[in-house]
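Structure first, commentary second.
Values in this document were obtained by computation on a predicted structure and should not be read as measured data. For the numbers below, each heavy atom of this structure counts, side chains included, while hydrogens, waters and symmetry mates do not.
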Amino acid sequence: MQNAAHTGSPDRPDPIDTTMLLDDPYAGYERLREAGPVHRITGPDGQPAWLVTRYADVRSGLADPLLSLDKRNSSTGYRGFSLPPALDSNLLNMDPPDHTRVRRLVAKAFTPGRVDKLRAPVAKVAHDLLDAIEAKGRADLLADFAGPLPIIVICDLLGIPERDRLDFRAWSDALITPDPARPEAAKEAVGAMLRFYTGLIATKRAEPGDDLLSDLIAVRDEPDGDGGVAGDRLSEDELTSLAFLILLAGYENTVHLIGNSVLALLDHPELLAELRADPARLPAAVEELARFDGPAPLAIRRFPLEDIEIGGVRIPAGESVLLSLAAANRDPERFTDPTKLDPHRENFGHLALGHGIHYCLGAPLARMETQTALDAVIQRFPGLRLDVPREEMQWRRSIRARGLISLPVAW
């Protein structure tokens with residue numbers, strides 16, 4: 001493997017095939033990180049990008065105002081998921097000042113204090129889900145527990161009635177891990193999501209409740225001093241996109257963090273026993289589990305506003321930059337013995353949930369849900385074990401998400 005700075009021409013190195021990041025991502029990222037700090041790659045979608053692999057460069061890039069999230073700054077016409085404006089006008093595509101304005105309106109719902117008040121209700125949901133499977137002695141813990149839990153929590157937060165809780169997992173999979181045999185599935189999912197959120201907002205507008213979405217609608221519709229609508233608060237597209245993002249991101253990251261964490265604990269029975277005996281160690285363990293095998297291998301794609309240099313490599317304005325959280329979190333220059341799962345390590349500071357102004361808005365909620373879910377499973381099922389050989393475990397083939405397809409367990 002060669003450093004991208006020394007392949008091809010100096011300004012246009014030969015791109016690297018990222019298939020290895022699908023088959024064995026951590027080994028692939030290790031090879032890339034050792035070979036050089038920045039590599040020009042071709043992703044599975046055929047789009048070229050610059051991949052940044054070392055902790056210091058990734059952390060710096062996450063906070064660099066010259067790296068824009070706004071796709072309009074792409075010089076290659078990158079369009080992402082090609083979502084309609086009603087779903088695409090969200091925080092993952094915004095720079096300040098719009099990002100600052102929209103984030104401020106929703107951030108109060110995810111403060112550590114408010115999230116801690118949800119701990120008891122989340123614990124009840126977790127135990128209710130486990131009640132439903134306990135007598136069976138075995139289950140797919142992803143489908144029966146880790147998947148439903150964050151959906152229920154986010155739907156409760158947004159005020160989505162149980163009867164309207166559609167198959168969000170299918171929508172998420174269609175976008176994040178598209179099926180090559182069904183290229184139309186992603187388009188169908190986008191259409192279904194747009195219809196759902198448009199209808200939901202209309203219902204909430206007519207019959208508001210005590211929930212986050214009703215609060216956001218009230219902010220959107222609040223009249224200004226002249227009797228008009230204060231359009232500088234939230235546009236209608238921003239409102240719909242925000243509801244979409246809260247549900248999709250709230251599900252996608254948390255379900256994989258829970259699933260990956262359970263598998264990692266089953267691979268480390270001594271740590272599992274330690275957490276069962278002393279649940280107070282769970283918060284530190286979840287931080288280490290997020291570093292060790294987090295749900296997002298890459299940060300959201302960025303576009304330099306001008307020519308920049310990262311790790312000695314020149315990157316032209318407007319070209320795609322991918323900051324590898326997975327590679328950074330196992331960088332031996334930052335973490336001692338990085339391939340070891342060690343919740344007693346002193347040098348935390350992982351990047352699994354981002355850094356800077358785009359740090360994961362729902363991080364306090366994801367942490368709390370994961371802590372609560374692990375505690376419930378560990379205490380309820382002391383004999384928890386994998387129900388298939390370890391080598392048969394299957395992962396989603398995606399560089400965007402790190403998650404299991406299923407998690408068959410028995411107890």
Side-chain angles (χ1 to χ4, degrees), residues 106 108-169 172 200 204 209-215 243 246-263 265-266 272 275-287 289-290 295 360-384 407 409-411:
V106 71
K108 61 183 180 181
F110 296 99
T111 62
R114 292 197 65 169
V115 166
D116 198 54
K117 292 179 181 177
L118 297 174
R119 192 175 293 271
V122 170
K124 182 181 185 308
V125 171
H127 284 285
D128 287 347
L129 290 169
L130 296 180
D131 285 344
I133 61 174
E134 184 171 17
K136 300 176 183 178
R138 56 178 29 88
D140 176 356
L141 208 62
L142 207 67
D144 297 330
F145 179 70
L149 177 64
I151 289 177
I152 293 171
V153 172
I154 291 293
C155 285
D156 284 346
L157 188 67
L158 288 173
I160 300 174
E162 189 169 349
R163 66 181 182 275
D164 294 332
R165 294 174 187 182
L166 306 179
D167 194 352
F168 296 114
R169 184 179 181 187
S172 174
L200 177 65
K204 287 288 179 184
D210 183 18
D211 55 74
L212 177 58
L213 186 53
S214 294
D215 290 347
I246 290 170
L247 187 51
L248 187 66
Y251 162 76
E252 184 71 25
N253 284 333
T254 307
V255 63
H256 297 315
L257 182 55
I258 294 172
N260 297 0
S261 296
V262 170
L263 180 61
L265 292 177
L266 291 174
L272 187 61
L275 295 176
R276 182 176 291 116
D278 187 4
R281 294 185 179 274
L282 270 166
V286 168
E287 295 307 306
L289 288 161
C360 177
L361 182 65
L365 183 60
R367 285 187 169 99
M368 183 272 286
E369 287 184 75
T370 304
Q371 293 167 16
T372 304
L374 294 181
D375 187 41
V377 170
I378 289 170
Q379 300 303 329
R380 180 73 73 93
F381 301 140
L384 190 70
L407 181 51
V409 296
W411 51 89

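For residues 135-144, every residue pair satisfying the side chain to side chain donor-acceptor pair (under 3.5 Å) rule, not counting sequence neighbours, is listed here: Arg138-Asp387. Evaluation of the salt bridge (Lys or Arg N to Asp or Glu O under 4.0 Å) test over residues 110-120, restricted to residues two or more places apart or in two chains, returns Asp116-Arg119.
For the side-chain contact (heavy atoms from CB on, under 4.5 Å) test with Leu272, the passing option among Val262, Leu266, Val377 is Leu266; the others fail.
Taking CG from Asp215 and NZ from Lys204, the interatomic distance works out to 10.0 Å, rounded to the nearest 0.5 Å. Rounding to the nearest 0.5 Å places NE2 of His127 at 8.5 Å from OG1 of Thr372.
Panel note: side chain Trp411, backbone Ala139; no donor-acceptor pair is recorded below 3.5 Å. Between the side chain of Ser261 and the backbone N or O of Leu257 there is at least one donor-acceptor pair closer than 3.5 Å. Side-chain atoms of Arg276 come within 3.5 Å of backbone atoms of Ile378 as a donor-acceptor pair (strictly under, hydrogens ignored).
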Cut-off 3.5 Å, no hydrogens considered: what does the side-chain donor-acceptor table look like for residues 152-160, sequence neighbours left out?
from	atom 1	to	atom 2	distance (Å)
Asp156	OD1	Arg165	NH2	2.5

Donor-acceptor pairs are to be reported for all side-chain atoms of residues 360-369 against protein atoms at under 3.5 Å, with residues two or more places apart or in another chain.
from	atom 1	to	atom 2	distance (Å)
Arg367	NE	Glu287	OE1	3.4
Arg367	NE	Glu287	OE2	2.5
Arg367	NH1	Tyr359	OH	3.0
Arg367	NH2	Glu287	OE1	3.1
Arg367	NH2	Tyr359	OH	3.1

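Looking only at side-chain heavy atoms (C-beta outward), Leu130 and Phe381 come within less than 4.5 Å of each other. Side-chain contact between Leu289 and Leu374 is present, with heavy atoms from C-beta onward closer than 4.5 Å.
Between Ala146 and Val255 the shortest heavy-atom distance is O-CG2, 3.3 Å. Between Ile258 and Ala373, the shortest heavy-atom contact is CD1-CB, 3.8 Å. Across all their heavy atoms, Ala126 and Leu149 have their closest contact at N-CD1, 4.0 Å. The two residues Pro283 and Gln371 come nearest to each other via the heavy atoms CA-NE2, 3.7 Å. The minimum heavy-atom distance between Asp375 and Pro279, with the atom names listed, is OD1-CB, 3.7 Å. Taking every heavy atom of both residues into account, Pro121 and Leu118 meet most closely at CD-O, 3.1 Å.
Looking at residues two or more places apart in sequence or on another chain, you find no salt bridge (Lys or Arg N to Asp or Glu O under 4.0 Å) involving Lys108. In terms of the salt bridge (Lys or Arg N to Asp or Glu O under 4.0 Å) criterion, residue partners of Asp131 (sequence neighbours excluded) are, by chain and number, Arg380.
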